[in-house]
Amino acid sequence: MKIAVIGQGLFGQEVYCHLKKEGHEIVGVFTVPDKNGKADPLGLEAEKDGVPVFKFTRWRARGQALPDVVAKYRALGAELNVLPFCSQFIPMEVIGAPYHGSIIYHPSLLPRHRGASAINWTLIHGDKKGGFTIFWADDGLDTGDLLLQKECEILPDDTVSTLYNRFLFPEGIKGMVQAVRLIAEGKAPRLPQPEKGATYEGIQKKETAKINWEQPAEAIHNWIRGNDKVPGAWTEACGQKLTFFNSTLNTAGLVPEGEALPIPEAHRPGVVTKEGLILFGNDDRMLLVKNIQLEDGKMIPASKFFGREDNDTLELTEAELVTREAVRKAWKRILPNVLEVEDSTDFFKSGAASVDVVRLVEEMKELCDGLELENEDIYMATTFMDFIQLLVRKLRGDDRKSECIIDYVEKAINKLILQMPHQLFIGGMFVDAEDAKTYGTINPTDGSVICQVSLAQISDVDKAVAAAKDAFENGLWGKISARDRGRLLYRLADLMEQHQEELATIEALDAGATYTLALKTHVGMSIQTFRYFAGWCDKIQGSTIPINQARPNRNLTLTRKEPIGVCGIIIPWNYPLMMLSWKTAACLAAGNTVVIKPAQVTPLTALKFAELTLKAGIPKGVINILPGSGSLIGQRLSDHPDVRKIGFTGSTEVGKHIMKSCALSNVKKVSLELGGKSPLIIFADCDLSKAVQMAMSSVFFNKGENCIAAGRLFIEDSIHDQFLQKVVEEVSKMKIGNPLDRDTNHGPQNHQAHLQKLIEYCQRGVKEGATLVCGGNQVPLPGFFFEPTVFTDVEDHMFIAKEESFGPIMIISRFANGDVDTVLSRANATEFGLASGIFTRDISKALYVSDKLEAGTVFINTYNKTDVAAPFGGFKQSGFGKDLGEAALNEYLRVKTITVEY
């Protein structure tokens with residue numbers, strides 16, 4: 001049959017794929033418009049197959065179908081409309097147009113739970129049976145004749161997610177295919193829906209999800225699980241809105257003993273126990289909630305509710321009371337000026353210095369049979385009472401006071417079990433975005449959705465900046481010594497090394513990097529960067545300056561290099577972890593706190609990095625990570641009055657916009673690493689074999705998604721043909737395929753939109769008259785693969801001679817034998833100046849050309865040779881400021897001049 005698929009999401013994508021396998025002709029796909037630059041999975045899948053895709057923002061206006069929309073639909077000649085999951089209102093002019101009409105999937109057993117949020121209401125009403133219906137669409141709301149229904153048992157602790165993943169998704173796909181098969185065979189029934197038992201409920205929203213406590217425990221449990229995870233059932237208690245998740249009626253053996261949690265409207269107070277929060281219905285039966293989301297978005301174990309503040313004071317045993325008095329004597333020895341060490345005595349306000357911190361750590365080790373304390377422990381618990389509480393927890397083996405809940409996505413890939421965080425990271429906690437908004441991050445190898453990732457909103461930026469500001473102004477980060485700060489960064493680098501294979505696998509999965517390159521460069525250089533800057537932490541120093549004296553008095557002038565404060569870092573998608581590390585390591589070494597916005601299409605290594613910062617002991621709030629839209633999150637960071645520095649890597653166009661926003665908001669400090677069109681000049685007197693190998697790397701390294709890629713090669717005329725022949729031979733040897741295969745050296749491009757840009761780039765090059773030697777097309781594989789491409793005879797006026805491709809496209813131009821100055825002029829005739837390269841055996845020529853090239857980096861007889869100790873950055877419209885090396889520290893420091901007269 002000729003079928004039009006109208007819908008969206010992964011469910012729509014799977015139905016589409018199964019219908020194609022059944023041999024049906026999909027004449028068109030109608031899906032929702034792109035959101036934040038991301039296309040819907042259904043539309044992406046259809047576009048790969050060359051099926052027409054339509055993305056109407058609406059189908060009708062003022063109750064009337066839009067004629068041009070209906071005309072485009074009718075032109076396809078569909079015999080059946082299949083609506084697997086559709087959030088748009090489709091007019092009857094479309095529903096009734098095909099010969100066979102339209103069929104729709106609905107996730108309930110109609111006529112029960114007509115309307116939106118049907119899965120939620122199935123659970124909220126405590127239905128013992130659930131399932132789905134495929135029905136013939138009519139002009140009512142889910143009232144059409146029934147075609148097919150399948151049911152399943154509702155388990156006592158089912159949530160929307162578990163029910164959907166266990167039955168409604170996999171069986172619903174099969175059901176849609178079966179329904180189409182019945183229609184094709186002429187066997188599809190049309191059974192009128194009974195009105196008896198019909199229910200209609202509206203869409204569940206946060207404001208309507210408040211818990212009604214005047215009902216039995218089972219009804220409260222059903223309400224909580226029916227709203228888990230979206231929108232979340234909530235109540236007011238302890239002066240804030242608390243949202244409950246992970247509810248169960250399985251309370252056998254539980255004893256409601258613990259700290260009471262008063263809930264104003266509840267039949268009885270809740271009880272916080274070590275198992276979680278026990279709640280009561282008006283029938284006095286219990287239910288247990290295991291997780292609570294606080295009003296600020298933090299998710300905590302319910303058992304730790306009262307432990308989130310410093311009010312979970314331990315009751316000491318007799319032995320621990322003896323230890324307390326021994327510790328009190330130790331404090332008295334270290335603080336001789338204190339007459340009496342009281343519970344409120346503050347270690348540092350009483351005169352303790354850094355050497356006293358070491359002494360206290362060592363005395364506690366001797367007193368407590370080798371107990372390992374760290375300097376940070378002293379800074380975190382500065383009063384005697386707090387210190388005793390911390391010490392006792394460690395002695396009891398229960399010092400995980402602020403346990404962080406991480407809701408991992410797990411995948412078995414590359415002989416590893418990947419555990420990937422997917423929520424925002426704010427204030428040391430993984431939390432959902434405002435309104436629990438998410439998006440799917442795509443695997444470029446096959447176009448599938450890896451997982452749903454929290455999509456940050458403007459309010460989330462404000463929370464993250466507030467957390468970073470508090471950590472900078474009031475937190476431990478500003479209290480510990482620079483050397484201790486370096487020790488934390490060394491520890492973070494060690495943890496990254498321990499997780500190197502996992503990080504590299506995630507980079508291959510999310511960014512399409514070949515696994516071997518990800519190990520060595522994406523992750524390997526990230527580790528080196530943190531180790532390098534960890535060593536700088538205690539070497540950041542000012543100077544003394546002789547000035548004119550104010551006779552008869554004298555003057556002393558000195559400078560201090562200080563951290564700036566809260567920094568915003570906006571990173572690109574080509575090296576997700578490495579670009580994060582280049583900027584963040586220098587930023588942290590300087591003593592700042594940071595809010596990081598990873599590229600929306602590659603968020604997963606940044607979130608795994610966040611998890612490792614927790615394990616390293618980086619204090620909460622120092623690092624915050626917000627996946628989301630650049631136009632929303634990046635813009636808010638640039639505009640935010642409490643952000644004092646922006647570090648950005650990306651396009652020149654966006655860089656200019658950020659620079660303007662930084663100026664207009666609060667004159668932020670800004671560093672920009674922007675676009676490039678790096679020239680590589682290969683002279684006839686070079687080592688040709690080496691030049692060919694390095695030229696291949698200069699263009700095709702990391703699939704060409706490389707900011708310093710050689711955007712244009714100038715080949716001396718006498719060796720042009722030989723060079724070109726050798727390059728084509730090398731290109732033919734490249735293996736294109738799964739980036740996790742160890743022998744693959746060319747993986748997929750990062751995302752669909754970029755792939756399309758490369759195709760159009762090559763088409764324009766051919767149109768303007770350049771010679772396409774090889775490549776230029778998408779590879780006929782699932783995913784976003786593009787052929788390594790070589791152009792020659794490229795003239796200076798052509799688009800591809802001037803504009804960056806950011807892909808695996810080699811652009812070759814000739815230059816006359818011996819004409820050094822002319823080729824230099826051509827190489828510099830660009831507004832970009834990020835990198836450049838020269839190949840020659842003549843050292844005088846090499847140094848002359850390197851002096852004249854207008855680029856931040858010049859490679860001689862090599863290429864892509866960056867190092868953590870060498871500053872990296874561009875000239876002209878490739879930006880300003882430096883990453884890496886000592887110079888990078890200055891981007892995150894401010895200099896204060898102090899003059900004393902004596």
Side-chain angles (χ1 to χ4, degrees), residues 413-416 443-447 500-501 503-526 573-579 602 605 678 680 688-711 713 723-751 754-755 758-759 762 773-791 805-812 835 837 859 862-866:
I413 296 175
N414 200 24
K415 299 180 181 179
L416 298 170
N443 179 353
T445 302
D446 60 12
Q500 188 166 2
E501 292 183 354
L503 288 165
T505 302
I506 296 172
E507 204 82 319
L509 184 69
D510 201 25
T514 57
Y515 176 70
T516 49
L517 179 65
L519 273 176
K520 177 183 180 296
T521 302
H522 287 243
V523 182
M525 195 174 187
S526 299
W573 45 258
N574 58 326
Y575 294 105
L577 183 63
M578 192 173 80
M579 292 294 100
T602 53
T605 43
S678 302
L680 173 57
L688 187 59
S689 295
K690 182 179 182 182
V692 168
Q693 291 300 321
M694 286 292 154
M696 291 288 293
S697 173
S698 75
V699 174
F700 300 122
F701 189 82
N702 198 47
K703 313 111 61 178
E705 295 168 353
N706 187 19
C707 51
I708 58 170
L713 278 66
F723 176 87
L724 183 61
Q725 179 185 348
K726 288 180 177 291
V727 163
V728 173
E729 289 172 359
E730 292 300 316
V731 168
S732 68
K733 299 174 186 176
M734 295 175 68
K735 182 189 174 185
I736 303 171
N738 189 331
L740 290 171
D741 291 345
R742 302 309 191 260
D743 58 346
T744 294
N745 48 29
H746 189 79
Q749 304 309 135
N750 189 277
H751 52 281
H754 183 53
L755 172 65
L758 296 179
I759 294 169
C762 290
V773 181
C774 61
N777 299 300
Q778 181 175 357
V779 178
L781 291 171
F784 312 139
F785 292 91
F786 188 77
E787 295 173 337
T789 299
V790 178
F791 277 98
S805 72
F806 213 65
I809 302 174
M810 183 179 286
I811 306 296
I812 298 176
F859 299 110
T862 187
Y863 208 87
N864 285 328
K865 184 60 180 176
T866 54

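Remark: K735 NZ is packed, more than 12 non-hydrogen atoms of other residues, nucleotides or ligands lying under 6.0 Å away. Q778 CD: more than 12 foreign heavy atoms inside a 6.0 Å radius.
Not one N or O on the side chain of Q749 forms a donor-acceptor pair closer than 3.5 Å with the backbone of F784. Side-chain atoms of N443 come within 3.5 Å of backbone atoms of T445 as a donor-acceptor pair (strictly under, hydrogens ignored). A donor-acceptor distance shorter than 3.5 angstrom exists from the side chain of T744 to the backbone of N738, with no hydrogens or angles considered. Formation of a donor-acceptor pair under 3.5 Å by the S805 side chain with backbone atoms of G807 is found in this model. No donor-acceptor distance shorter than 3.5 angstrom exists from the side chain of T789 to the backbone of G775, with no hydrogens or angles considered. Panel note: side chain H746, backbone F785; no donor-acceptor pair is recorded below 3.5 Å.
Here F791 pairs with nothing under the ring-ring contact (aromatic ring centres under 6.0 Å, His included) rule; sequence neighbours left out. In this structure, the ring-ring contact (aromatic ring centres under 6.0 Å, His included) partners of Y575, at least two apart in sequence or on a different chain, are H522. Residues forming a ring-ring contact (aromatic ring centres under 6.0 Å, His included) with Y863 (at least two apart in sequence, or on another chain): F859. Residues satisfying the side chain to side chain donor-acceptor pair (under 3.5 Å) criterion with N864, sequence neighbours excluded, are S697, N706.
The two residues P739 and G512 come nearest to each other via the heavy atoms CB-O, 3.7 Å. Contact detail for L503 and T605: the closest heavy-atom pair is O-CG2, 3.6 Å. The shortest heavy-atom contact between P444 and L509 is CD-O, 3.3 Å. Taking each heavy atom of A504 and V523 in turn, the nearest pair found is N-CG2, 3.7 Å. Among all heavy-atom pairs drawn from A709 and S678, the shortest one is O-CB, 3.5 Å. Across T516 and R742, no two heavy atoms sit closer than the pair CG2-O, 4.0 Å.
Applying the salt bridge (charged side-chain N to carboxylate O under 4.0 Å, His left out) test to every pair with at least one member in residues 698-709, sequence neighbours left out, gives these pairs: K703-E705. For residues 725-734, the salt bridge (charged side-chain N to carboxylate O under 4.0 Å, His left out) pairs, not counting sequence neighbours, are E730-K733.
Checked options V779, I759, I736; the residue passing with F786 is I759 (criterion: side-chain contact (heavy atoms from CB on, under 4.5 Å)).
In this structure, N414 CG and L740 CG are separated by 5.0 Å, a value rounded to the nearest 0.5 Å.
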Q) Going through the distances and angles, do N750 and N574 end up as a side chain to side chain contact (heavy atoms under 4.5 Å, CB included)? A) CA-CA 7 Å; N750 189 277; N574 58 326; over 6 Å; no
**Q.** From CA spacing to verdict: side chain to side chain contact (heavy atoms under 4.5 Å, CB included), V731, F700
**A.** CA-CA 9 Å; V731 168; F700 300 122; 3.9 Å; yes
Q. Where do I812 and L724 land on the side chain to side chain contact (heavy atoms under 4.5 Å, CB included) test, with the steps shown first?
A. CA-CA 9 Å; I812 298 176; L724 183 61; 3.8 Å; yes
